[in-house]
Amino acid sequence: MSVGNVSLLFGGVALFLNSLVLLGKVEVKSAGVFSLFTGLLQTFIATWLVIGASPGEQFGYASIYLFAFTYLYVGITFIFNLDGRGVGWFSLFVSISAAFYGFVSLTQGDVMGAFTWLLWSLLWALFFFGMGLGRPNEAYTARVALTLSWLTLIVPALFGMAGMMTPLYQMIWWAAAGTAVLYFLVSIKRHKPSVEVA
């Protein structure tokens with residue numbers, strides 16, 4: 001649905017900006033404002049879609065809240081300079097939920113969707129380890145977030161809104177996803193843990 005792609009698009013932009021925060025390229029409060037706006041937008045979209053939807057549709061639409069509340073929480077934390085451990089532990093819940101959504105997608109034959117949810121579960125797990133457990137690796141987490149913001153959110157949203165989700169797109173996406181995973185694996189050895197983000 002087109003409105004769902006709008007949610008994905010702005011979620012991708014917010015994730016992109018937050019990855020730049022971890023890389024020291026964007027000021028924290030500035031990114032926090034955009035995260036807050038994105039969270040509010042996604043909450044509105046999710047609620048609008050859930051109301052009147054069938055139980056099966058509600059399960060899918062409710063997943064938008066995972067992103068919406070993450071961005072709301074991150075936005076408020078960044079703007080008011082709060083302790084980030086709450087966001088970290090919330091990310092554990094979201095990571096587990098994303099893994100479950102991935103499992104459901106796989107049982108429904110949506111392999112691309114399942115793999116996408118697995119990648120999101122990985123990202124939220126990194127936020128949990130970094131902010132919740134105080135074992136951060138900002139450089140690594142930032143690169144995973146930056147890559148996934150484009151691979152799993154911005155580009156799919158743009159192609160989806162343009163009606164260009166063709167078999168060729170899927171083939172290119174899988175090639176890009178495979179390259180991204182190899183990049184993540186190689187990067188593990190190159191980045192050492194750094195300072196915790198509050």
- Query: Do Phe127 and Thr70 come close enough that some side-chain heavy atom pair is under 4.5 Å?
  - Reply: no
Legend entry - Backbone of Ala53 reached by a side-chain donor or acceptor of Gln58 within 3.5 Å: yes
d(Leu36 CG, Lys29 NZ) to nearest 0.5 Å is 13.5 Å
_Any heavy-atom pair between the side chains of Leu153 and Trp120 that's under 4.5 Å?_
yes
>> Taking Gly11's backbone N and O only, do any of them form a donor-acceptor pair with Tyr71's side chain (distance below 3.5 Å, no angle check)?
In response: yes
**Asked** If we only count heavy atoms from C-beta on, is the Trp173 to Thr116 side-chain gap below 4.5 Å?
**Response** yes
Flag yes if more than 12 heavy atoms outside Tyr169 fall under 6.0 Å of its OH atom; otherwise flag no. yes
message = Could you check whether any side-chain heavy atom of Trp124 comes within less than 4.5 Å of a side-chain heavy atom of Leu92, counting everything from C-beta outward?
response = no
*Does Ser91 reach the main-chain N or O of Ala125 with its side chain, forming a donor-acceptor pair under 3.5 Å?*
no
Taking the six-membered ring where the residue is Trp, are the ring centres of Phe69 and Tyr65 under 6.0 Å apart?
yes
In short, Asn5 meets Gly160 closest at the heavy-atom pair ND2-C, 3.5 Å
Please check if the side chain of Thr141 supplies one atom and the backbone of Asn137 the other of a donor-acceptor pair under 3.5 Å. yes
Item checked: Donor-acceptor contact present, side-chain Tyr140 to main-chain Phe184, <3.5 Å -> yes
One should read off an interatomic distance between Asn18 CG and Phe16 CZ, to the nearest 0.5 angstrom, of 11.0 Å
Quiz item: Do Val94 and Tyr73 have side chains that get closer than 4.5 Å, going by heavy atoms?
Solution: no
Distance col, row Ile76:CD1 vs Leu82:CG, nearest 0.5 angstrom, shows 8.0 Å
- Task: Give the cluster check for Leu182 versus Leu122: same hydrophobic cluster or not, with ILVMFWY residues linked at side-chain heavy-atom distances below 4.5 Å.
- Result: no
Are Phe59 and Tyr101 close enough that their ring centres sit under 6.0 Å apart? yes
Taken to the nearest 0.5 Å, the spacing of Leu151 CG from Leu146 CG works out to 11.5 Å
inquiry  = Could you check whether any side-chain heavy atom of Leu123 comes within less than 4.5 Å of a side-chain heavy atom of Thr152, counting everything from C-beta outward?
reply    = no
Review point. Side chains of Phe10 and Val6: closer than 4.5 Å at any heavy-atom pair?
Key: yes
- Task: Given side-chain contact (heavy atoms from CB on, under 4.5 Å), test Phe44 with Leu40 step by step and report yes or no.
- Result: CA-CA 6 Å; Phe44 172 78; Leu40 291 172; over 6 Å; no
Separation between OH (Tyr61) and CH2 (Trp48), nearest 0.5 Å, reads 9.5 Å
Beyond-backbone contact of Thr47 with Thr43, side-chain heavy atoms, under 4.5 angstrom = yes
In this structure, CE of Met171 is separated from OG1 of Thr166 (nearest 0.5 Å) by 8.5 Å
Treating Thr147 as the side-chain partner and Arg143 as the backbone partner, does any N or O pair qualify as donor plus acceptor under 3.5 Å? yes
**OP:** Test Phe78 against Val87 for side-chain contact (heavy atoms from CB on, under 4.5 Å), laying out the working first.
**Re:** CA-CA 11 Å; Phe78 280 3; Val87 175; over 6 Å; no
